[in-house]
There are 2 protein chains.
Amino acid sequence: MSLSFLLNPTSVAIFGASQNPEKIGGRPIRFMKEMGYSGRIYPINPVRESVQDLPCYPDLDALPEVPQAAIIAVAKERVLETLHRCAERGVKACVVMASGFGEAGEDGRQAEEEMRAIAASSGMRIVGPNSQGLADFNTGAILSFSTMFIEEPPEAGPVACISQSGAMSVVPYGLLRQRGIGVGHCHATGNDADVSVSELAAEVVLDPKVKLCILYLETLQDPANLALAAERARVRGVPIIALKSGRSPDGQRAAASHTGAIATEDRVIDAFLERHGIWRADGTEAMVQAAELYLQGWNPTGKRIAVVSNSGATCVLSADAAERYGLDLAPLAPQTEEAIRDVLPDFAASQNPIDITAALLTDSGLFGKVLPKVGADPNIDILMIGIPVSGKGYDFERFAQDTADFVQAFGKPVVLAAPQRFVREAFARKGIPTFETEDGAIRALAQFVDHIALIRNAIGGPVRPVVEAGNGRTTLDEFASLAQVAGKGVRVPQQKICTTVEEAQNFLTGCPDGIVLKANSPQIPHKSEHGLVRVGLRTPEEVARHFSEIEAKLEEMDVAFEGVLSAEMLSSGHELVVGGHLDPVFGPVVVVGDGGIAVEAMPDNCLLMPPFTQQDVAAALSRLRIGPLFDGVRGGKGLCAEAVFEAARGVAELLSAGNVLAVDINPLITTTDGATAADALLEVRA
Amino acid sequence: MSLSFLLNPTSVAIFGASQNPEKIGGRPIRFMKEMGYSGRIYPINPVRESVQDLPCYPDLDALPEVPQAAIIAVAKERVLETLHRCAERGVKACVVMASGFGEAGEDGRQAEEEMRAIAASSGMRIVGPNSQGLADFNTGAILSFSTMFIEEPPEAGPVACISQSGAMSVVPYGLLRQRGIGVGHCHATGNDADVSVSELAAEVVLDPKVKLCILYLETLQDPANLALAAERARVRGVPIIALKSGRSPDGQRAAASHTGAIATEDRVIDAFLERHGIWRADGTEAMVQAAELYLQGWNPTGKRIAVVSNSGATCVLSADAAERYGLDLAPLAPQTEEAIRDVLPDFAASQNPIDITAALLTDSGLFGKVLPKVGADPNIDILMIGIPVSGKGYDFERFAQDTADFVQAFGKPVVLAAPQRFVREAFARKGIPTFETEDGAIRALAQFVDHIALIRNAIGGPVRPVVEAGNGRTTLDEFASLAQVAGKGVRVPQQKICTTVEEAQNFLTGCPDGIVLKANSPQIPHKSEHGLVRVGLRTPEEVARHFSEIEAKLEEMDVAFEGVLSAEMLSSGHELVVGGHLDPVFGPVVVVGDGGIAVEAMPDNCLLMPPFTQQDVAAALSRLRIGPLFDGVRGGKGLCAEAVFEAARGVAELLSAGNVLAVDINPLITTTDGATAADALLEVRA
């Protein structure tokens with residue numbers, strides 16, 4: 001694959017090579033020499049004979065061969081001409097370090113457009129501009145000028161960090177290296193004019209040494225490659241953690257009144273990452289906090305946690321933390337409790353959480369006696385050991401060995417919480433992930449088991465083709481919108497456009513529960529606020545009066561009269577919303593949730609990416625605040641989740657054709673038996 | 001005060017004194033000798049002449065004086081007799097270390113009862129039993145056997161840790177000491193038979209050296225002393241952080257159908273702590289994470305944060321974190337932006353968050369130029385500096401000095417986020433609180449400013465007298481309950497108990513909007529589930545039919561017929577709940593929130609402790625999910641918060657008399673103009 005020339009090139013040329021190993025054009029040469037790069041390094045600098053004890057060449061033509069990779073460390077103004085020459089000569093891949101391009105303004109954006117053109121026409125791949133560079137510590141190909149590799153010396157290992165930002169490539173690198181974890185890849189791609197973080201990730205996860213992949217993204221314009229990376233990673237068993245920043249401003253923007261706006265960009269990204277089994281970290285800590293757990297090869301099948309501690313307080317606090325982070329403090333199997341009761345003193349707790357008490361001081365073997373019982377318990381998936389106090393009189397080396405034996409025998413994930421460093425170090429020497437507090441330990445454990453479950457349940461699949469953004473959009477009236485929705489199998493009320501009072505009165509005769517009269521114009525989206533919705537009309541006189549009032553109101557508002565929408569009264573039910581829109585990058589997204597005024601004032605809805613199953617929709621509904629309504633409250637029957645799924649599928653089908661841009665069914669009147677779209681609004685291409 | 005004999009006694013006797021400095025009866029002697037205790041130490045042990053080079057005495061009578069304090073390190077069986085002898089001889093205070101009392105069963109509970117009796121009759125104060133002991137590092141009175149003081153050597157300082165649990169007294173101690181923070185007090189009180197954590201805290205916060213007080217509580221049976229401690233602490237400017245464990249099981253228990261149950265114990269504790277300005281930590285990390293900030297003497301007046309970093313990524317991540325933890329990333333004043341634009345390069349960001357970019361490499365003075373502008377900005381209360389990457393070429397000592405100058409000049413709180421240890425150390429040397437990540441830095445900063453605001457807004461006041469738990473309780477019927485509620489000024493519907501159809505038909509004539517008929521029996525709390533509520537009756541015929549049906553249904557259910565409750569139909573409104581109960585420890589608590597079926601299935605309510613103002617109720621309502629309804633949605637008028645306050649005040653008044661145990665107004669039909677109690681249920685003493 002073409003990106004391998006960036007990670008393992010046989011030769012690298014450096015334009016702007018510097019004798020000074022602290023300069024941007026000098027550092028990569030220094031790094032490659034120090035870090036065992038076995039390929040050929042060709043400094044290019046017209047004013048020098050040699051650079052850092054290597055022969056230096058005046059230009060590309062003077063090299064003894066065409067280099068596979070080139071580092072472009074020249075001034076911004078000379079980048080494009082250098083790229084053209086590299087492409088012409090057959091260089092396979094370049095890294096452009098200069099900044100001042102797309103991030104600086106229109107000129108820069110045009111220059112990036114030209115880079116993409118060079119890449120497309122020549123096949124040469126370009127990383128950057130504004131890239132800190134790539135570093136593969138397995139091959140020693142350090143095409144990077146990061147200072148972090150001096151401060152925190154590298155050690156090739158199982159983690160890969162890939163980021164647009166230079167800082168956020170080396171921050172997780174630094175935090176992991178400080179904890180003694182090896183990092184094999186540390187790449188910063190910059191503005192992603194050609195090669196994106198996602199595409200590079202799709203290459204890196206194929207490296208057999210990589211066991212965990214950490215991404216930092218500022219934009220996500222290349223979801224197809226991220227889906228591919230996730231697919232490959234799942235095949236290889238490599239978890240991917242992504243920190244996508246800018247959640248807050250994106251999440252706030254545009255709280256407009258239809259579901260297209262509710263389905264904000266940021267929630268689309270949540271749904272996309274979840275679909276592909278990628279864990280979304282919410283900050284720097286979550287990128288690295290569970291790293292040790294990912295590297296053990298553990299494969300937990302559930303989130304039922306046991307806690308064993310020599311302190312009752314730690315037991316209680318761990319129970320609180322388990323609930324806080326969504327783990328289940330499961331009851332032990334009866335035979336386990338009995339077996340533990342046999343080995344613990346009378347005043348100790350043989351229930352989960354298991355408080356072995358200060359008796360540990362007189363019997364250092366208590367962990368070794370208790371842990372195998374917990375390991376054999378079919379009700380327990382994971383374990384936390386809490387040792388808040390240790391020291392003289394405590395044989396913590398033995399506790400660590402007993403814990404290592406537990407892992408060896410049962411393969412169940414285990415973490416230690418201990419505030420004292422020497423206790424943590426004893427456990428770390430046995431390969432156990434360690435934390436200062438029960439809070440940190442359980443937070444990391446919860447992330448790990450939730451992420452493994454996310455990967456196991458990932459739907460994956462290719463990204464749906466992106467729809468060309470059309471020029472214009474237009475809104476259909478309610479009658480036409482409901483007809484479209486009905487065409488996809490969603491139940492709608494019996495309805496008719498009536499241009500005369502008599503027509504409406506005739507319509508009433510077929511509706512024993514009465515009718516509703518509404519204005520029917522795309523010019524008036526919020527009809528009820530203008531008094532243009534009249535409900536519960538049961539007599540011909542009522543129909544005549546309200547019909548005339550609506551007609552008069554429309555005239556007053558200067559809206560052309562094209563009839564009044566008459567619809568049968570629906571029996572009451574819970575008002576839901578089902579809607580969706582076409583995201584320009586990700587394609588169709590669908591929103592389901594609480595409807596009516598709740599949509600804006602008290603939003604309680606969630607986003608789904610098609611295709612989805614009835615089970616997916618039911619699971620999404622159950623996570624909402626209104627979730628209990630689908631189970632039934634006070635012993636009653638629940639709302640019909642199947643009907644909500646049918647409506648959501650109908651919306652997805654409308655959007656998948658490409659000419660419907662947004663759909664809003666609000667309210668979808670939902671009962672225990674079904675659901676009916678009482679109002680709908682479609683936006684379509686003009 | 002009597003507890004000063006525990007913290008600064010002139011003499012200490014040790015019952016069960018041991019020559020072995022690693023034994024429970026030996027360690028306190030070793031600690032006092034090593035840690036500068038200036039009083040007299042009297043080992044008591046009938047089988048030894050000397051203990052750890054001190055003269056040893058056979059019993060209390062042999063001592064040259066009556067000791068002010070005594071450590072009771074004898075076996076469980078000999079504790080009571082020893083306490084009796086101490087009390088008789090005039091010892092002022094004892095610490096009982098043996099375990100196996102209240103935590104072990106009924107015998108132990110009786111022994112604790114006897115300890116309380118000894119304390120009450122003699123005036124001698126007793127800490128424990130099951131106490132790890134008290135340690136005051138200022139006076140050197142270490143009446144404790146903790147091993148932690150060996151592993152992490154003490155240094156007297158501004159933090160006090162007070163806990164029931166031994167482990168949770170030394171865990172925060174250890175975490176703070178590892179960070180170089182001095183801890184002056186480290187006390188573990190055990191079972192709190194006499195002296196409670198709260199009472200000890202009320203003494204410790206008077207120590208002029210104490211600047212931060214950290215509590216760990218497993219029970220909170222002594223709120224009056226905690227209120228006193230908080231009062232004194234507020235006067236002295238000492239923040240109190242409390243970790244009250246057991247949140248999860250308490251919070252889950254008893255999800256019964258009336259508000260007495262909704263107002264769970266744990267939420268009462270939340271409300272109590274908030275009222276007294278005590279920060280509730282949710283785990284070990286939150287106990288200590290912001291310690292450095294509390295010790296600076298900072299007094300922030302708002303939560304508007306500025307972020308300055310040399311990395312754009314850190315700027316974006318900090319904005320996300322600020323939102324996550326509820327801080328306001330405020331816009332800078334225009335003059336500040338202009339001033340910053342003047343000193344930063346063109347491509348840097350002069351808006352908040354301020355990205356000074358890698359230009360820092362060429363101008364090490366950039367922090368020094370930018371920070372004074374931020375300091376002078378009236379829109380900014382607090383500051384985070386993020387340096388994700390530093391090292392060679394970065395003059396981070398100067399950055400630290402510039403930051404210290406900022407603090408000196410403006411007194412605004414500032415924290416550093418930097419993953420590299422040497423950067424953190426440079427700032428720490430200048431007294432700046434430092435964190436590895438922006439997430440940790442902003443989380444701590446948010447806790448600090450929120451806590452200071454909590455203290456500033458604390459209502460405080462004494463704890464209301466505890467009501468004797470009566471023997472029996474009885475439920476009033478709806479008519480009587482509504483009458484009681486109406487008596488406190490809450491609006492109720494026009495209503496009447498009608499024993500005949502004719503009476504009900506007569507009642508109808510006075511109700512133009514129709515009437516409701518309901519069964520009226522305390523035996524049937526969920527009337528509507530039994531079809532015993534008939535609404536919207538407008539004709540004498542309807543009234544007659546439904547009256548007879550209710551009568552028949554009651555007969556079928558074998559409930560004595562005492563008439564049917566007739567009430568006027570209310571115009572529609574939002575269904576709220578207002579209720580409350582008498583907590584046995586804290587007195588009256590009141591609940592307000594969303595009503596109807598939402599109460600159980602989708603709870604959205606909060607708890608208030610009387611007395612409260614209209615402003616308090618409005619603030620509580622605004623924090624609920626339904627909060628926006630009180631502001632008005634879609635341009636409409638909001639629900640009447642004043643009427644909800646009147647109802648809540650009425651409930652508080654009913655409860656304060658002492659014979660009403662629980663009140664449940666559900667629904668309180670609330671409109672933009674007022675609120676009416678459509679149903680109510682009172683529980684009163686039998």
Side-chain angles (χ1 to χ4, degrees), chain A residues 22 100 103-104 147-148 150-152 165-168 170-171 174-175 178 216 218 243 245-249 282-286 311-314 316-317 319-321 323-324 347 388-389 391-393 419-422 436-440 526 529 597 600-602 625-626 628-629 633-635, chain B residues 22 100 103-104 147-148 150-152 165-168 170-171 174-175 178 216 218 243 245-249 282-286 311-314 316-317 319-324 347 388-389 391-393 419-422 436-440 526 529 597 600-602 625-626 628-629 633-634:
Chain A
E22 297 308 333
E103 80 280 13
T147 55
M148 187 66 99
I150 303 165
E151 313 299 341
E152 299 284 352
S165 150
M168 286 307 295
V170 295
V171 164
L175 293 172
Q178 283 176 26
Y216 174 79
E218 299 202 330
L243 175 53
S245 66
R247 189 190 270 273
S248 49
D282 62 2
T284 314
E285 277 185 33
S311 153
T314 296
V316 183
L317 290 172
D320 285 355
E323 171 167 303
R324 193 154 63 244
F347 50 90
V389 182
K392 217 163 178 171
Q420 292 170 301
R421 192 169 294 133
F422 54 87
E436 267 194 352
T437 66
E438 79 295 332
D439 191 79
H526 294 299
E529 286 167 29
I597 57 164
E600 296 125 36
M602 304 178 284
R625 178 175 180 275
I626 55 168
L629 299 183
V633 297
R634 291 187 172 168
Chain B
E22 297 310 332
E103 79 281 15
T147 55
M148 187 67 100
I150 304 165
E151 313 299 340
E152 299 284 352
S165 151
M168 286 308 294
V170 294
V171 164
L175 293 171
Q178 284 176 25
Y216 174 79
E218 299 202 332
L243 176 53
S245 66
R247 189 190 270 274
S248 49
D282 62 3
T284 314
E285 277 185 34
S311 152
T314 296
V316 182
L317 290 171
D320 285 355
E323 172 167 302
R324 194 154 60 246
F347 51 89
V389 182
K392 216 161 177 171
Q420 292 171 301
R421 191 168 294 133
F422 54 87
E436 267 194 352
T437 66
E438 80 293 334
D439 190 79
H526 293 299
E529 286 167 28
I597 56 164
E600 295 125 36
M602 304 177 285
R625 179 176 179 274
I626 56 168
L629 300 183
V633 296
R634 289 187 174 167

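All values derive from a computational prediction rather than experimental measurement. Residue numbers start from 1 in every chain, and the chains themselves are labelled A, B, ... in the order their sequence lines are given, proteins ahead of strands.
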I would like to know whether A:Thr314 and B:Val171 meet side-chain contact (heavy atoms from CB on, under 4.5 Å); could you show each step before the answer? CA-CA 10 Å; A:Thr314 296; B:Val171 164; 5.8 Å; no
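To the nearest 0.5 Å, the span separating CD on A:Gln420 from CE on B:Met148 amounts to 4.0 Å. To the nearest 0.5 angstrom, B:Leu243 atom CG is 10.0 Å from A:Asp439 atom CG. For the atom pair CD of B:Glu436 and CG of A:Leu175, the computed distance is 5.0 Å after rounding to the nearest 0.5 Å.
Contact of the B:Glu438 side chain with the A:Thr284 side chain is registered, since non-hydrogen atoms from C-beta on lie closer than 4.5 Å. Between B:Val389 and A:Glu151, the closest side-chain pair of non-hydrogen atoms is not below 4.5 Å. In this structure, A:Leu629 and B:Met602 have side chains that are in contact, with non-hydrogen atoms separated by less than 4.5 Å.
For chain B, no part of A:Ala104 is nearby; none of its heavy atoms comes within less than 4.5 Å. Contacts of A:Glu103 with chain B are absent, with no heavy-atom separation under 4.5 Å from either backbone or side chain. When heavy atoms are compared at a cutoff of 4.5 Å, B:Gln178 approaches chain A solely by way of its side chain, counted from C-beta outward. Of the two parts of A:Arg421, the backbone and the side chain both hold a non-hydrogen atom closer than 4.5 Å to a non-hydrogen atom of chain B. Proximity to chain B is limited to the side chain of A:Glu218, based on heavy atoms less than 4.5 angstrom apart.
B:Glu285 pairs by the salt bridge (charged side-chain N to carboxylate O under 4.0 Å, His left out) definition with A:Arg443, B:Arg443, not counting sequence neighbours.
Ranked by heavy-atom pairs under 4.5 Å with chain B, the first of A:Thr437, A:Thr147, A:Ile150, A:Val170 is A:Thr437. Of the listed residues (A:Gly166, A:Ser165, A:Ala167, A:Gly100), the greatest number of heavy-atom pairs within a distance under 4.5 Å of chain B belongs to A:Ala167. Heavy-atom pairs under 4.5 Å with chain A peak, among B:Gly174, B:Ala313, B:Ser311, at B:Ala313.
Of all heavy-atom pairs spanning B:Ala601 and A:Val633, the tightest one is CB-CG1, 3.2 Å.
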